[in-house]
Number of protein chains: 2
Amino acid sequence: MTEAEPQPQPQPQRSTLRTRRREEVLGAIRAAAGAELEGQGAAALSLRAVARRVGLAPSALYRYFPGRDDLLTDLVVAAFDAHADAVQAAAGRHRDPLAAVRAALLEYRAWAVANPARFGLLYGAPVPGYAAPPETIGPGARVGDLVVGLVEQLHAQHRLDAESLRHRASRLDRGTASELAALARRRGYTLPVEAIALGVDGFVRIHGVTVMEVFGQLRPLTSRPAPYVEQTVDAVLAELVGPAAGPREAR
Amino acid sequence: MTEAEPQPQPQPQRSTLRTRRREEVLGAIRAAAGAELEGQGAAALSLRAVARRVGLAPSALYRYFPGRDDLLTDLVVAAFDAHADAVQAAAGRHRDPLAAVRAALLEYRAWAVANPARFGLLYGAPVPGYAAPPETIGPGARVGDLVVGLVEQLHAQHRLDAESLRHRASRLDRGTASELAALARRRGYTLPVEAIALGVDGFVRIHGVTVMEVFGQLRPLTSRPAPYVEQTVDAVLAELVGPAAGPREAR
DNA sequence: TCACAACGAGAGCAGCGCTCTTGCTTTATG
DNA sequence: CATAAAGCAAGAGCGCTGCTCTCGTTGTGA
C-alpha cells in the first residue's frame with residue numbers, strides 16, 4: 001500500500017500480463033533495495049546498484065519510482081510495518097497484558113538488532129536530503145499505539161502500580177499533561193494521563209537502549225547487550241505494575 | 001589535537017610563515033566543514049562543497065586531510081570534545097553532586113538540541129562507508145565518565161538510595177555484573193557494580209530521550225520536549241537518591 | 001487491426017571522492 | 001647569497017552517483 005507510482009491507479013486493475021509483470025518487477029526492486037539497504041545503510045542506497053541487482057538499466061527504475069526519495073519512502077513504510085508486525089506478533093502470543101508488554105518490548109529490540117540498517121533508516125539520523133513524507137506517520141505510530149494499548153489493558157485490570165502513578169503524576173507539568181490528554185483523545189485512549197506518561201516513559205527507555213545497542217554505543221559498556229536490555233525491560237515493568245511483579249511473574 | 005596529516009609532525013615546529021598559514025587554512029577548513037555539517041548532515045558532507053566554501057580547489061584539501069573519512073574523524077573528535085566540554089562546564093557550576101548530575105544531564109540534552117547535526121554524527125546511524133577509528137573512543141567516553149564520576153561522589157556521601165541499589169542488584173545477572181566490574185577496574189571507579197548500573201541506566205535513559213527529540217521521534221508525543229526531558233531527568237535523580245529528593249532539592 | 005500507452009535501454013548532464021601532473025612559493029642548505 | 005628541496009594550489013581526468021530525455025519495442029483496449 002501507499003505506492004509511489006507516477007500516476008495513481010485507483011481501481012484494482014484486472015490482472016493482465018502487463019500488470020502482473022509490473023507487480024513482479026516492483027517486488028524485485030523492493031527486494032533488491034532491501035538487500036542493498038541491509039548491506040550499505042540508508043544514506044548509501046544507490047539507485048544504480050539496485051538496478052544492477054535487479055538486472056535493469058538505471059533509467060528503467062524511474063518507471064516504478066519517481067526518484068530515490070520515493071524508493072526510500074517505500075522502504076520506510078515497509079520497515080515500519082515489518083517492525084510493528086513483529087512486535088504485534090510477539091505481544092499476541094501472550095494473554096496476560098504484562099507478559100505481552102514484556103514480549104513486545106523485547107521483540108522491539110530483537111527486531112532492531114536483527115535488522116540494523118532498516119532500524120537505522122527509521123530511527124537514525126535523518127538521511128541528508130530526505131524528509132519523511134506524511135504517509136509514513138501512520139505506520140510509524142503503530143508500535144507506540146500497541147504498547148499504550150497494552151498499558152491500557154493493565155489499567156483496566158487495575159494492575160498499574162498506584163505509587164508509580166502517583167509519582168508520575170507529581171512530576172507532570174500542566175503543559176505536558178494537556179498534550180498527553182490531547183494525544184489520548186486523538187488516538188482514543190481511555191487512560192489517565194499519568195498512565196500514558198508511564199507507558200511512554202517505558203517505551204522511550206527501551207527505544208533508547210535499543211538505539212544505543214544498534215548504533216554501537218552500548219559496546220563500550222557491555223559485550224552482552226541482551227541481558228542488559230532484559231534488565232531494563234524488567235525495570236520498566238516494575239515501574240508499571242510495582243516492584244512486586246518482578247521478572248518471573250511476567251513470563 | 002589528533003590531526004590527520006599525511007605525514008606526522010612530532011615537534012612543535014617553530015612558527016614560520018608556512019606553518020602559520022597552514023594552521024589558518026586548517027582552521028578555515030574545519031570551520032567550513034562544521035558549517036556544511038550543520039547544514040546538510042554528516043552523510044552528505046561533501047569535500048567539494050567544503051572546498052568551495054573555503055575558496056580552494058577540491059584537490060587542495062588533500063594537502064590537509066588524506067580523505068573525506070579523515071575529515072569526518074576530525075569532526076567527530078571535535079564534536080565529542082565540544083559536547084563533553086559543555087556537559088563538564090554545566091556540572092562544574094554546582095558543588096552538590098546531585099545538582100551537578102542534574103545540570104549535566106540537562107546540558108547533555110541541551111547541547112544535542114542546539115547541535116543536531118553534530119549530535120547525529122556522533123550518535124546517529126553510522127555513516128555508510130565510515131567506521132569510527134580508535135582515536136575517537138577516548139573523547140567519546142568523556143561524558144559517560146563524567147556522569148559516573150558524579151554518581152561516585154553521591155556514593156561517597158552515602159546519598160544513593162539503598163532501595164534502588166538493592167533493586168538494581170537483584171536485577172543484575174552475573175555476566176553483566178562482572179563486565180561492569182571490569183569496566184570499573186579499567187576506569188578506576190571505586191563503586192559497587194549496582195551503583196555503576198544505576199548511573200549507566202540513568203545516562204542511557206537521558207541519551208534515549210535526547211536521541212528521540214533530536215531525531216524528531218518525540219514530536220508525535222509532545223510539542224514541548226523540554227519539560228518532558230526535565231521530568232525524565234528528575235525520574236532518574238529520584239531513582240538515584242530516592243524519591244524524597246525530588247526536583248527542587250537538586251536545584 | 002491499429003492507435004496508444006507502457007516499457008526498457010542508451011546517451012548525456014552535473015555532481016561526487018579521489019589521483020596524478022604541473023607550476024609556483026616558501027624553506028632549508030651549501 | 002644562490003640553489004636544491006619541500007610544501008602548496010590548481011587543473012585534468014577516472015569511475016561513481018541521481019536524474020532527464022529520446023528512441024525503439026511490446027502489450028493493451030477499441
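Here is the naming used below: chain letters follow the sequence lines, and residue numbers restart at 1 for every chain.
Between the CZ atom of A:F65 and the P atom of C:dC7 there is a distance of 13 Å, given to the nearest Å. Taking atom CG of A:L71 as the reference point, atom P of D:dG18 lies 10 Å away to the nearest angstrom. Going from atom CZ of B:R63 over to atom C1' of C:dT19 covers 12 Å, rounded to whole Å. With rounding to whole Å, A:R48 atom CZ is found 13 Å from D:dT20 atom P. In this structure, OH of A:Y62 is placed 14 Å from C1' of C:dA9, rounded to the nearest angstrom. The CG atom of A:L17 sits 15 Å away from the C1' atom of C:dA5 (whole-angstrom rounding). The interatomic distance linking A:L26 (CG) with C:dG8 (P) rounds to 10 Å, in whole Å. Between the CZ atom of A:R68 and the C1' atom of D:dT20 there is a distance of 17 Å, given to the nearest Å.
Atoms CG and CG, on B:L121 and B:L45 in that order, are 8.5 Å from each other to the nearest 0.5 Å. Here A:M212 contributes atom CE and A:Y228 contributes atom OH; the two are 7.5 Å apart, rounded to the nearest 0.5 Å.
Contact annotation for B:R52: backbone-only contact, meaning every heavy-atom pair under 4.0 Å involves sugar-phosphate atoms and none involves a base. Contacts of A:L45 with the nucleic acid, taken as non-hydrogen atoms under 4.0 Å apart, involve only primed sugar atoms and P, OP1 or OP2.
Listed nucleotides D:dA9, C:dC18, C:dG8 differ in distance to B:A60; the shortest reach to its side chain belongs to D:dA9.
For the pair B:S46 and C:dG15, the criterion of a side-chain N or O lying under 4.0 Å from OP1 or OP2 is not met. Remark: B:Y64 is in phosphate contact with D:dA9, judged by side-chain N or O atoms under 4.0 Å from OP1 or OP2.
Residue side chain B:R22 does not reach the base of D:dG7 through any donor-acceptor N/O pair under 3.5 Å, judged by distance alone. Between the side chain of A:R21 and the base of D:dG27 there is no donor-acceptor pair of N/O atoms closer than 3.5 Å. With hydrogens and angles ignored, no donor-acceptor pair closer than 3.5 Å exists between the side chain of A:S59 and the base of C:dG8. Within 3.5 Å, a donor on the side chain of B:R18 pairs with an acceptor on the base of C:dT25, or the reverse.
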Subject >> Test side-chain hydrogen bond (donor to acceptor under 3.5 Å, both in side chains) applied to B:Y123 and B:H207, step by step >> reply: CA-CA 9 Å; B:Y123 299 111; B:H207 176 76; 5.6 Å; no
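In summary, the side chains of A:E36 and A:S46 do not present any donor paired with an acceptor at a separation below 3.5 Å, with no hydrogens or angles considered.
Between B:E230 and B:R224 no salt bridge is recorded (no basic side-chain N to carboxylate O distance below 4.0 Å).
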